[in-house]
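These notes are about the structure you will find just below.
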There are 2 protein chains.
Amino acid sequence: MKDITSKLIDLFKQGYCTPQISRIAKKLKEPSTTIHYNIKKLERDGLVRSYKAVFDHKKIDEGYCVYVLISLSPDEYGNPEKVAKELAKHVQIESVDICTGDCEIILKVRVKDQNEYYQLVKTVISRKGIIKIKSLTSLKQIKSECITL
Amino acid sequence: MKDITSKLIDLFKQGYCTPQISRIAKKLKEPSTTIHYNIKKLERDGLVRSYKAVFDHKKIDEGYCVYVLISLSPDEYGNPEKVAKELAKHVQIESVDICTGDCEIILKVRVKDQNEYYQLVKTVISRKGIIKIKSLTSLKQIKSECITL
DNA sequence: AAAGATAATTGAATAATATTCAACCAAATA
DNA sequence: TATTTGGTTGAATATTATTCAATTATCTTT
């Protein structure tokens with residue numbers, strides 16, 4: 001048996017989806033050519049970056065979700081983007097924001113369990129320049145990516 | 001002129017997209033029927049919740065992004081889901097998580113600007129049961145919904 | 001306000017794609 | 001090892017996206 005499932009999940013995280021023009025046309029009661037034209041415009045103008053799947057994260061071994069508030073040391077403080085871009089490379093890190101307020105960087109992390117999170121903190125999040133990490137663990141996701149669960 | 005753009009954006013937040021089977025088939029070098037079968041299985045088993053668009057939020061009047069840490073008063077403390085579900089109803093609130101640690105609920109909010117955020121805090125986030133709100137404003141999004149910007 | 005240019009809407013024709021089906025093969029189970 | 005269940009696949013069909021050309025609306029310039 002080929003393990004196509006995990007390959008599909010990886011592709012769907014990036015994109016590999018497309019709008020359902022005829023369904024939208026019926027919904028909005030407009031000709032499908034009009035819908036087609038308007039969608040292409042959205043894409044051309046860059047309002048839409050990608051079309052992708054939204055998962056039930058518990059079912060794809062990403063049930064452990066943590067918001068990570070990161071404080072930088074004074075020497076890295078002026079250039080948070082360097083650290084942020086480095087962190088963004090990791091697939092377990094869903095989002096990376098540079099912030100104002102109590103911390104300089106906020107991550108949203110999805111991993112399988114607490115142990116995998118611990119490994120991630122040890123190997124990628126803890127690094128030179130980061131002086132403080134506060135983990136806010138999600139006990140229950142009520143809404144995610146605009147979709148109420 | 002019909003304002004189809006905003007209707008499309010609304011639909012794409014919920015879904016109204018679908019996988020590109022033939023493109024995936026070429027990518028993975030498998031017959032499209034095999035890909036079709038495996039995708040239907042993913043959907044049937046509930047690993048995939050929806051297919052949707054990812055936006056350039058700055059271009060759709062959602063350029064102001066805030067993480068909101070909410071503390072509940074002792075009387076609501078034992079039942080955070082009630083408050084969480086109420087908050088989840090609002091389209092500007094992208095995600096709602098019930099948390100452990102410094103706060104009970106974390107929101108990710110997307111609005112046009114600071115003023116619209118102020119309105120949201122006044123009218124929906126501030127309510128009975130919420131005793132403390134800490135706003136962490138995103139200055140720059142490096143990665144969002146798994147997509148590096 | 002008129003003329004010209006550009007952008008948006010649309011139906012008909014075509015191209016591309018998803019879906020169904022039946023046959024076959026692999027894996028698990030008893 | 002016989003039997004059932006789940007996965008793979010090619011050929012046929014159904015559905016859907018895309019292209020194109022014509023039409024209409026909107027914006028720009030004078």
Side-chain angles (χ1 to χ4, degrees), chain A residues 1-63 91 112-113 144-147 149, chain B residues 1-63 91 112-113 145-147:
Chain A
M1 197 181 75
K2 306 168 179 181
D3 185 17
I4 291 173
T5 298
S6 64
K7 291 175 188 168
L8 287 176
I9 290 171
D10 286 348
L11 291 182
F12 284 154
K13 281 181 188 169
Q14 309 166 40
Y16 285 89
C17 299
T18 194
Q20 292 180 292
I21 294 178
S22 74
R23 201 176 142 219
I24 294 167
K26 275 168 202 153
K27 175 87 178 173
L28 299 185
K29 289 171 182 148
E30 298 288 349
S32 66
T33 43
T34 301
I35 300 302
H36 181 269
Y37 175 87
N38 278 275
I39 289 175
K40 290 302 147 189
K41 194 169 112 67
L42 279 182
E43 294 172 0
R44 190 163 15 94
D45 296 346
L47 306 224
V48 170
R49 280 212 109 77
S50 168
Y51 304 99
K52 56 160 273 184
V54 178
F55 299 101
D56 184 335
H57 295 282
K58 290 187 299 296
K59 292 188 178 173
I60 59 165
D61 283 348
E62 296 183 358
V91 288
K112 189 182 174 188
D113 52 31
S144 178
E145 294 173 78
C146 297
I147 290 166
L149 306 170
Chain B
M1 197 179 78
K2 306 168 181 183
D3 185 17
I4 291 173
T5 299
S6 63
K7 291 176 188 168
L8 287 176
I9 290 171
D10 286 349
L11 291 181
F12 283 154
K13 281 180 188 170
Q14 308 166 40
Y16 286 89
C17 298
T18 195
Q20 293 180 293
I21 294 178
S22 74
R23 200 176 142 218
I24 295 168
K26 276 167 200 154
K27 175 86 179 176
L28 299 184
K29 288 174 182 144
E30 299 286 350
S32 67
T33 42
T34 302
I35 300 302
H36 181 269
Y37 175 86
N38 279 276
I39 288 175
K40 291 301 148 190
K41 194 168 115 63
L42 279 182
E43 295 172 0
R44 187 161 20 92
D45 296 347
L47 306 224
V48 170
R49 281 210 109 78
S50 168
Y51 304 98
K52 56 161 274 185
V54 178
F55 299 101
D56 184 334
H57 296 281
K58 291 186 298 296
K59 293 188 178 174
I60 61 165
D61 283 346
E62 295 182 357
V91 288
K112 188 182 174 188
D113 52 31
E145 295 174 76
C146 297
I147 290 166

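None of these values were measured; they are calculated from a predicted model.
- In this structure, K29(A) atom NZ and dT10(C) atom P are separated by 15 Å, rounded to whole Å.
- Atom CD1 of I24(B) and atom C1' of dT17(C) are 12 Å apart (whole Å).
- With K59(A) contributing its side chain and D45(B) its backbone, the two residues share a donor-acceptor pair below 3.5 Å.
- Across dT8(D), dT18(D), dT9(C), the shortest atom-to-atom separation from the side chain of I21(A) is found for dT18(D).
- With contacts defined as side-chain heavy-atom distances shorter than 4.5 Å, the pair L11(B)/I9(B) does not qualify.
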#### Entry: side-chain contact (heavy atoms from CB on, under 4.5 Å) between D3(B) and T5(B), intermediate numbers included
CA-CA 6 Å; D3(B) 185 17; T5(B) 299; 3.9 Å; yes

What pairs of nitrogen or oxygen atoms, one from the protein and one from nucleotides 10-15 of chain D, lie under 3.5 Å apart?
residue, atom, partner, partner atom, Å
dG10(D), N7, T33(B), OG1, 3.4

### Message
Assess the residue pair I60(B) and D56(B) against the criterion (side-chain contact (heavy atoms from CB on, under 4.5 Å)); give the C-alpha distance rounded to whole Å, side-chain angles, the decisive distance to 0.1 Å, and a yes or no.
### Response
CA-CA 7 Å; I60(B) 61 165; D56(B) 184 334; over 6 Å; no

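- The residue among I35(A) and Q20(B) whose nearest nucleotide of DNA chain C lies closer to the 5′ end is I35(A).
- Dashed line: the shortest gap from a side-chain N or O of N38(B) to OP1 or OP2 of dT8(D) is under 4.0 Å.
- For the helix from dA1(C)-dT30(D) to dA23(C)-dT8(D), the angle separating the two terminal helix axes comes to 50°, with each axis derived from five pairs and the value rounded to 10°.
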Restricting to nitrogen or oxygen on both sides, can you table the protein-nucleotides 21-27 of chain D pairs closer than 3.5 Å?
residue, atom, partner, partner atom, Å
dT26(D), OP1, M1(B), N, 2.6

Sequence neighbours left out, cut at 3.5 Å: what donor-acceptor pairs do the side chains of residues 12-23 of chain B make with other protein atoms?
residue, atom, partner, partner atom, Å
K13(B), NZ, E62(B), OE2, 2.6
Q20(B), OE1, R23(B), NH1, 2.5

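- For Y37(A), no side-chain nitrogen or oxygen approaches OP1 or OP2 of dT9(C) to under 4.0 Å.
- Close to dT10(C), at under 4.0 Å from its OP1 or OP2, lies a side-chain N or O of K2(B).
- Atom CG of D45(B) and atom C1' of dG6(D) are 12 Å apart (whole Å).
- Considering only heavy atoms from C-beta on, D113(A) stays 4.5 Å or farther from D61(A) through its side chain.
- A heavy atom closer than 4.0 Å to some atom of DNA chain C occurs in no member of residues 8-18 of chain B.
- Counting to the nearest Å, the C1' atom of dA8(C) and the CD atom of E30(A) are 11 Å from each other.
- Of all heavy-atom pairs between I39(B) and Y51(B), the closest is CG2-OH, 3.6 Å.
- Atom CZ of F55(A) is separated from atom OG of S144(A) by 11.5 Å, given to the nearest 0.5 angstrom.
- In this structure, R44(A) places its CZ atom 14 Å from C1' of dT18(D), rounding to the nearest Å.
- The CG atom of L28(A) lies 9.5 Å from the CG atom of N38(A); values are rounded to the nearest 0.5 Å.
- Checking P19(A) against D3(A), the closest nucleotide of DNA chain D that is more toward the 5' end is the one next to D3(A).
- Side-chain contact between V54(A) and V48(B): absent, with no pair of heavy atoms (C-beta onward) separated by less than 4.5 Å.
- Legend: side-chain hydrogen bond (donor to acceptor under 3.5 Å, both in side chains) pairs involving residues 24-33 of chain A, not counting sequence neighbours, sorted by first then second residue: E30(A)-K2(B).
- Checking dA8(C), dT8(D), dT18(D) against the side-chain heavy atoms of K41(A) singles out dA8(C) as nearest.
- Distances from the side chain of H36(B) to the nucleotides dT20(C), dT18(D), dT10(C) place dT20(C) closest.
- Atoms CD (E43(B)) and C1' (dA18(C)) sit 12 Å apart, rounded to a whole Å.
- Under 4.0 Å is where a charged nitrogen must lie from a carboxylate oxygen, and between K52(B) and E145(B) at least one such pair does.
- Regarding K40(B), its NZ atom lies at a distance of 18 Å from the C1' atom of dG6(D), rounded to whole Å.
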